[in-house]
2 protein chains.
Amino acid sequence: MTSTARPGKDVATDPIGFEAHDHASCISAAVAAAEAHCQTEGLRFTPVRRKALEILLQEHRALGAYEMLDRLREAGFGSQPPVAYRALEFLVANGFAHKIERLNAFIACAHPGASHSPAFMICRRCQSVAEAQSSPARGALGDAARATGFTIERTVVEAEGVCPACADKADA
Amino acid sequence: MTSTARPGKDVATDPIGFEAHDHASCISAAVAAAEAHCQTEGLRFTPVRRKALEILLQEHRALGAYEMLDRLREAGFGSQPPVAYRALEFLVANGFAHKIERLNAFIACAHPGASHSPAFMICRRCQSVAEAQSSPARGALGDAARATGFTIERTVVEAEGVCPACADKADA
DNA sequence: ACTTGTCATGTTATCTCATTTCCTGTATCC
DNA sequence: GGATACAGGAAATGAGATAACATGACAAGT
């Protein structure tokens, strides 16, 4: 994992997105954006859901459902799996988070609001995940779909490899 | 050997999977091809591995590891999870099968021998899976990887949607 | 023929991930 | 107030995956 496993502090150069972040403000901004979105859509941004999103943003990495459950329990919420799964399902359904199929884990959306067909780069060394955009329907896959009459509704695009930080470590 | 699935020949770009098959012969052909490949590569195409591949080919759909385990047990092999997982791992490692991350399930490779960066189309109604080719490293994802210094080693590309057969059913 | 190393298989136990089911509270609408 | 729809809590279980260890098959080296 990352060198600095201290949530909430000194994350300024956190390599996880492969870039630097002003973490504290990106959290509050994302939460506020989610809240606003829920308001306009008539969705309920309840305490568990808010807390789950905060946790994902704070960790800034892919979190398993049971890790999420631990955090939620610490925060005083229910401690049974469905509590975490329901909150995560809500976040994913509304574009505030994504599920990384390869890891069976969840991560806060890095581009909330943006039109979404996300792609992920997963470091097999440090497990860090970076989010990018993709348009898989416009490549060979799209051609195949059109040729067979398959209707694409959603895509999972996940690249596994080595992030720059781990590559550097290996060189040294 | 059959009309549609000739391993080793250049069917590589056919998005097969939502089409008719001469099943019996496509199974034996694929098994024979796998056997030949193992021979030349010095790999051991043991009874469990052969049976596992036959099962995948026969079912012609994505099979969970425990379903596979059930079939293997019926066929007189060991009945503990590692038996199935090891056989599946061998098949995947050698390109005879693929794992569908979205389903946590395994399917026989539709283009054995072809250079492999597979993409899948998964019907959310009937769970059928078709295999196509993809080159995700050449699109937006590849650009993002180069921009950040991420080295792509492997990609998972899975599209979820509705297959032509199920779409027809819905129309009717 | 015997030993050694390697790989495959079998088995137990355990771990992680995910869902079903049922019940309770609480907003909202009429 | 009563109906209804949704959210959350809790129990139990299902489903996916692996660690750890023992045994068996087989080829290579002596």
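Convention: sequence-line order gives letters A, B, ...; per-chain numbering from 1.
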Could you tell me how far apart [X] ([atom1]) and [N] ([atom2]) are, to the nearest whole angstrom?
X      : N      : atom1 : atom2 : answer
A:Y66  : D:dG14 : OH    : C1'   : 11 Å
A:E101 : C:dC17 : CD    : P     : 13 Å
A:L63  : C:dT16 : CG    : C1'   : 14 Å
A:L72  : D:dG8  : CG    : P     : 11 Å
B:L69  : D:dT18 : CG    : C1'   : 14 Å
B:K99  : D:dA15 : NZ    : C1'   : 12 Å
A:E67  : C:dA18 : CD    : P     : 12 Å
A:F90  : D:dA7  : CZ    : C1'   : 11 Å

Can you measure from [atom1] ([X]) to [atom2] ([Y]) and round to the nearest 0.5 angstrom?
X      : Y      : atom1 : atom2 : answer
B:I100 : B:E131 : CD1   : CD    : 7.5 Å
A:C163 : A:I122 : SG    : CD1   : 12.0 Å
B:E153 : A:R124 : CD    : CZ    : 4.0 Å

* For the student: nearest non-hydrogen atoms of A:G161 and B:F150, plus distance -> N-CZ, 3.4 Å
* To do: Report whether B:L57 and B:L91 are members of the same hydrophobic cluster (ILVMFWY, side-chain heavy atoms less than 4.5 Å apart, transitive linking).
  => yes
Does any part of the side chain of [Y], heavy atoms only, come nearer than 4.5 Å to the side chain of [X], both counted from C-beta?
X      : Y      : answer
A:M68  : A:F106 : no
A:R49  : A:F96  : no
A:I107 : A:E59  : no
A:V157 : B:T155 : no

* Would you jot down, in residue-number order, the residues of residues 75-86 of chain B having a non-hydrogen atom under 4.0 Å from DNA chain D? => B:P81, B:P82, B:Y85
* To do: Using only side-chain N and O atoms of A:N104, determine if any of them is under 4.0 Å from OP1 or OP2 of C:dT16.
  =>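 Answer is no, no contact under 4.0 Å.
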* **Interface with DNA chain C, restricted to residues 45-58 of chain B and to heavy atoms under 4.0 Å** => B:T46, B:V48, B:R49
